[in-house]
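Each remark here refers to the structure printed beneath this line.
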Amino acid sequence: MPPADDFDEAIRLSLDSYNDEKREREDYERDLKRVKLDSQQMLRRGGAHAHDHDSVIDSSHDDAHTAHNLRITQPITFKASPYSFHPPFLSPPIRFDLWTDACVQCSSTRSRIEITNILTNYFRILIRSDVDSLLPSLWLFSHQLGPPYEPNELGIGGHVLNRSLKDVTSISPSKLRQLHHKLGDIGDVAFEATRNRISVIEPKPLTVDAVYSTFLSISQQKGPRSQETKTNLVKKLLVSAKGEQARYLFRSLVQNLRIGAVRTTLSTALARAFAMHYHVSIEESEMAEVVEATGKRARDGEHTRRVEEKLTGAEKVVRRVYARHPNYNTLVKALRESGLDGLEDSVPVSVGTPVQPMLGAITRSFDDVLTRLRHRPFTSEAKLDGQRCQLHARVLSASDTLSEEYVCKGWKSSPFDRIGEQCMVWIRLFSRRLEDMTEKYPDICLSVLEMFKTNPSITSFVVDAEIAAVDDTGRVRPFQELANRSRKAVQMDDVHVKVAVYAFDCMLYNGEPLLDKSFRERRQTLRTNLAPFTFGNCARWDHVPSTDDTHLDAITAFFHQCMSMKAEGIMVKLLDYYEEAEGDYGGDHDADEDTKKKSPSKQKALPATYEPDKRADSWLKVKKDYIAEIGDSMDLVPIGAWHGMGRKNKFWSPILLAVYDDDEGAFTAVCKCMSGFSDAFYDSLNRVYAEDGPNTSSTPFAGVQVGDLNPDIHFNPFQVWECRGADITQSPVYPAAKGMVGEKGLSIRFPRFIRCREDKHVEQANTASDLARMYQLQAE
DNA sequence: CAAGTTGCCTC
DNA sequence: CTCGGAG
DNA sequence: CTCCGAGGAGGCAACTTG
């Protein structure tokens, strides 16, 4: 029991907040009623739909109706180059319409430079006026509410958004569906449905921070009736947002802003904004020298050049730091406190924060591999078909003082004795997109614990690995089996799909970051300190199979060996930093004759360091299905399609494809395809399969079996398309070859269009039995 | 309480 | 994961 | 060469609905 006056104070406070909430709710309900009334009147006048769709996208800016209502400040043009833009001071809190303006302006151009400028200048205004709104803005731009390894999903989609639109604007669901088809973007629907809303009393303008907070609140709703609560929160926002604000609010809610800027551009803009803020000033004395040497006229150009140089430098630093520690919370905090100086040290690679994984560049032939890495020492590793995993582990001793929060987020072992001291091991596993998947793999956590127990010299590590499903004899199983694992709160007893860890890189060992070491050194650290082992119920710890032989026959032999162990292909990795001297052809390769002619004597210097988030040329990905001679293609028949969304909203996309079932003379759906088509081909499809032409229908053509799929339009099956895929999968939805291999149908992984086979008739397409045979073949 | 739907994540 | 478009 | 955004199959988890 608290003392009396504290108690009174507590009562008073809770009453206050109760009254606040009540008032807020009443405000909201009044606004909602008014808005509904407005939109009903508008509908009666036919206002919302009088505009044809071509005018919808582009009219936003010059349309007098949209701009004035929720805006008090004059529109600001952000796109000027940072050195000619002077950020105005706006009184905090920064309003949502400013954020929306930035989105609108980004969407109005395709120039990457302009988009970067717009975001840079937007950030500069915030740094100057309301730096607390910087992080919320960043999160909204980045389609996230926080770092990816923390749980903060919105958990809403088209359903909640459509219901909110229906409730707030009173437009019928069928009308909304129609708009959605026509516009191909839920945000554009929200724009259309709210653009002409006229309110007698303006609702209070939204602030960036309020929108972000509401998003957070949406993400935290859980349990029964949570969808309803979420809908109400969205409605509350929608009442105060119309036109462009509603458009970007909704796009934000489906995490698809389409402003031509995501991660890289955001980091760049952030860097440039802070660089401008902190040290844009080029010393006058510096410039005086320029004037003396080259005259007054050259001064401005030179000044600009020097500023640009500083900005580019800042960009590099921030992008590098972000790739190694991808968390805007930490990054922005450091930038606010000490700017760009010492950023690398204040935001370091750390155990517990995943680094962006390094990626491999696609390579389409072995010759290509040799051309790029010729004469350089490299290794080839099996590219197993599993799941990428970044393991973070460190020992916690009694003397460690760690925040409760930090420890709770990882897997914590029970105490054990080590060099006469009680300690525990703390572990976290991250996926390729940096999601926390520690709970999915308790068996791997046990393996890691075992390593710490048996090797007392280990104190911490960060390791890159592939997790694959394995059978009892240790052979790798297909990806589909790995996918059957449960994901949440898995106990050791619940593990039904055995896995093994195939480590291939080590980014940190015993507190020392190794990213800037060569791959050979990193691999050595991995091999000598974290050796393969099998123990009890632990997942087997292994190193990925590899060969260092760089001869063409050795690589191809290794590739085929990898194929036989069901790998997707190989990863070829440079081992050491290597700078080729001018004209140095070095040793000799068997298969070099062609490539030698093509490539000049000078080759680009390549680093063998760990380059987070870069599709660096020092890692080359070679997969079976990239190589035309090895991968197999199929001839399929287009039987239907959907209305494309976004950029493809004037095209048919995706397109439903079928195999020919020779037994029944039928076409059965096997997969959808949306990749590999050029815009020109899409255009031709609009003619061949015109909506009201002879080759389309709203019901399936005779002999076409679509299963439970429901395409917007059905095609007359008369064409044959060559398509490629990585492999065949068992399918719970597609009817193709159903019953020929187990209960399920079959489908195709990573389907893409290659070309139209004008020379083939539909009877010559691949058949259901072809498909079944191919499936058997790949499963041995 | 079981079945169906959708979100979000892997590749 | 795939691909094409565009700067 | 780099960045973006169209969207593919599939499977678990969590919610709503019957």
Side-chain angles (χ1 to χ4, degrees), chain A residues 106 109-116 143 148 151 153-160 184-185 221-230 254-266 268 359 361-362 383-389 431-437 440 466-467 478-490 497 568 604 614-617 621 623 625-626 642 644-649 651 653-657 670-682 708 723-734 744-754:
Chain A
C106 284
T109 176
R110 263 170 161 145
S111 155
R112 283 179 5 202
I113 293 169
E114 244 174 58
I115 290 173
T116 310
H143 307 138
E153 289 74 40
L154 282 166
I156 56 170
H159 224 71
V160 165
D185 182 310
Q221 305 303 322
K222 281 185 178 55
R225 289 170 61 80
S226 57
Q227 292 304 99
E228 198 181 318
T229 319
K230 290 182 185 201
V254 290
Q255 352 227 308
N256 190 8
L257 235 35
R258 300 175 51 215
I259 57 171
V262 285
R263 212 182 37 228
T264 326
T265 315
L266 281 180
T268 306
L359 310 168
I362 290 179
K383 190 177 187 309
L384 298 163
D385 193 3
Q387 179 173 29
R388 184 93 176 254
C389 177
S431 72
R432 188 204 136 126
R433 300 232 315 257
L434 310 187
E435 297 285 328
D436 185 346
M437 54 174 189
K440 183 176 173 182
E466 188 78 9
I467 298 171
F479 177 78
Q480 262 189 313
E481 282 185 34
L482 180 68
N484 280 329
R485 277 195 57 134
S486 313
R487 290 195 296 246
K488 295 234 165 140
V490 180
V497 181
E568 295 179 287
K604 215 169 65 182
K614 281 201 187 134
R615 209 168 278 279
D617 277 344
K621 185 165 59 163
K623 282 172 70 170
D625 60 300
Y626 298 155
W642 285 262
M645 306 285 272
R647 200 186 78 78
K648 298 192 179 174
N649 92 83
F651 304 134
S653 176
I655 288 163
L656 187 59
L657 299 173
V670 65
C671 68
K672 287 183 270 192
C673 186
M674 44 134 299
S675 199
F677 304 109
S678 66
D679 281 14
F681 188 76
Y682 278 124
D708 289 335
C723 299
R724 190 182 286 278
D727 41 35
I728 319 275
T729 56
Q730 292 209 18
S731 170
V733 299
Y734 288 94
K744 291 176 167 179
L746 296 176
S747 188
I748 297 170
R749 183 145 82 138
F750 309 142
R752 63 254 196 209
F753 171 80
I754 304 295

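All values below were derived from every heavy atom in this structure, side-chain atoms included, with hydrogens, water molecules and symmetry-related copies excluded. Keep in mind that what you see is a predicted model, and the values were worked out from it rather than measured. Each chain gets a letter, A, B and so on, in the order the sequences are listed, and its residues count up from 1.
OP1 or OP2 of C/dT2 sits under 4.0 Å from a side-chain N or O of A/K623. Taking only side-chain nitrogens and oxygens, A/Q480 comes nearer than 4.0 Å to OP1 or OP2 of D/dG11. Taking only side-chain nitrogens and oxygens, A/K230 never comes nearer than 4.0 Å to OP1 or OP2 of D/dA14. In terms of phosphate contacts, A/N256 brings a side-chain nitrogen or oxygen within less than 4.0 Å of OP1 or OP2 of D/dA6. In this structure, A/R258 reaches the D/dA6 phosphate: one of its side-chain N or O atoms is under 4.0 Å from OP1 or OP2.
Among the atoms of the strands shown, only primed sugar atoms or phosphate atoms (P, OP1, OP2) are found under 4.0 Å from some heavy atom of A/M645. At a threshold of 4.0 angstrom between heavy atoms, the contacts of A/L482 with the nucleic acid are absent. A/K383 comes within 4.0 angstrom of nothing in the nucleic acid, heavy atoms only. Counting non-hydrogen atoms under 4.0 angstrom, A/R225 reaches the backbone sugars and phosphates but no base. Within 4.0 Å (heavy atoms only), A/G223 reaches sugar-phosphate atoms of the nucleic acid but no base atom. At the heavy-atom level, A/I655 lies nowhere under 4.0 Å from the strands shown. Looking at heavy-atom distances under 4.0 Å, A/R487 makes contact with a base. A/A726 comes within contact range of no nucleotide atom at all, as no heavy-atom separation falls under 4.0 Å. A/I113 comes within contact range of no nucleotide atom at all, as no heavy-atom separation falls under 4.0 Å. Residue contacts for A/F753: at a heavy-atom cut-off of 4.0 Å it reaches no nucleic acid atom on any strand shown.
Sequence order on DNA chain C of the closest nucleotides to A/S111 and A/Y626 puts A/Y626 first from the 5' end. Comparing A/M437 and A/G158 along DNA chain B, the residue whose closest nucleotide (by nearest heavy atom) sits nearer the 5' end is A/G158.
Picking from D/dG10, B/dT10, D/dC12 the nucleotide with the shortest atom distance to the side chain of A/V733 gives D/dG10. Ranking D/dC3, B/dC11, C/dG7 by closeness to the A/T265 side chain, first place goes to D/dC3. Relative to the side chain of A/V262, the nucleotides C/dG7, C/dG5, D/dC4 differ in distance, and D/dC4 lies closest. Closest contact between the side chain of A/N484 and the listed nucleotides D/dG11, D/dA9, D/dG7 involves D/dG11. If you check D/dA9, D/dA13, B/dC8 against the side chain of A/K488, the one that comes closest is D/dA13. Of the listed nucleotides (B/dC11, B/dT10, D/dG5), B/dT10 has the atom at the smallest distance from the side chain of A/S431. Nearest nucleotide to the side chain of A/T264, out of C/dG7, D/dC4, D/dT16: D/dC4. Of the candidates C/dG7, D/dG10, D/dG7, the closest approach to any side-chain atom of A/Y734 belongs to D/dG10. The side chain of A/S675 sits closest to C/dC3 out of D/dA6, D/dA9, C/dC3. Distances from the side chain of A/S678 to the nucleotides C/dG7, D/dC4, C/dG4 place C/dG4 closest.
Of the P atoms belonging to B/dC11 and D/dA6, the separation is 22 Å, rounded to the nearest Å.
Side chain of A/Q730 to backbone of A/L746: no donor-acceptor contact under 3.5 angstrom is found. Judged purely by atom type and a 3.5 angstrom limit, A/S431 uses its side chain to pair as donor or acceptor with the backbone of A/E435.
The aromatic rings of A/F753 and A/F677 lie parallel to each other, their planes meeting at an angle below 30°, with 60° marking the opposite boundary.
Put simply, the side chain of A/M437 does not reach to within 4.5 Å of the side chain of A/R485, judged on heavy atoms. The closest side-chain heavy-atom distance from A/L482 to A/I467 is below 4.5 Å.
Rounded to whole Å, atom C1' of D/dC3 lies 10 Å from atom CD1 of A/I115. Rounded to an integer number of Å, the gap from A/H159 NE2 to B/dC8 P is 14 Å. Residue A/L266 contributes atom CG, which lies 12 Å from atom C1' of D/dC3 at whole-angstrom precision. Across the protein-nucleic acid pair, A/K222 atom NZ and D/dA14 atom P stand 9 Å apart, rounded to whole Å.
Classification of A/R752 and A/D625 as a salt-bridged pair holds, one side-chain N sitting under 4.0 Å from a carboxylate O.
A/R112 contributes a side-chain N or O that forms a donor-acceptor pair with the base of D/dT2 under 3.5 Å. You won't find any donor-acceptor pair under 3.5 Å spanning the side chain of A/R752 and the base of C/dC3, going by distance alone.
Considering OG1 of A/T265 and CD1 of A/I259, their distance stands at 8.5 Å, rounded to 0.5 Å.
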